[in-house]
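Quick notes on the structure that follows.
All values below come from the heavy atoms of this structure, side chains included, with hydrogens, waters and symmetry mates left out.
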Amino acid sequence: MRRYVANRIFGKLTNDEHLAFGSTLPLNTIRAICQRYANDKPLLRQMLAIVKKCKGDEQIIPEQLVEHIKALLLK
C-alpha cells in the first residue's frame, strides 16, 4: 500500500494537496514517499514540515524520520 501511494497517488498531487493529504498519512507511508521522491527537494521540505508537526505512531519515531529527511535533503 505504501508503495502504491508513493508511486501512483502522491506523484499526481499539487503542492497544496501534498500538505493536506500528507498530514493524514502514517509516518511509514511518508517515509516511502520520501524514498521514492528523494530528488524532489521541495516535496522533501513539505514532508519535513508535516513530520515535524506529527506526534508519531506505533512504527516510526518522528524525530528519526526528520533526521532521515534532512539527510535526503543534503544529498
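One distance of note links CG of Asn28 with CZ of Arg31; it measures 9.5 Å at 0.5 Å rounding. The SG atom of Cys34 sits 10.5 Å away from the CD atom of Gln46 when rounded to the nearest 0.5 Å.
For the side-chain contact (heavy atoms from CB on, under 4.5 Å) test, residues two or more places apart in sequence or in another chain that qualify with Cys54 are Leu27. With sequence neighbours left out, Thr24 forms a side chain to side chain donor-acceptor pair (under 3.5 Å) with no residue at all.
Residues Ser23 and Ala20 approach most closely at OG-O, 2.9 Å, considering heavy atoms. The two residues Leu43 and Tyr37 have their closest heavy-atom pair at CD2-CB, 3.4 Å.
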Task: Worked check of side-chain contact (heavy atoms from CB on, under 4.5 Å) between Ile33 and Leu25 - done: CA-CA 10 Å; Ile33 291 167; Leu25 296 173; 3.7 Å; yes

Using a 3.5 Å cut-off and no angle test, enumerate the donor-acceptor pairs between side-chain atoms of residues 66-75 and protein atoms at least two apart in sequence or in another chain.
unit_1 : atom_1 : unit_2 : atom_2 : d
His68  : NE2    : Gln35  : OE1    : 2.5

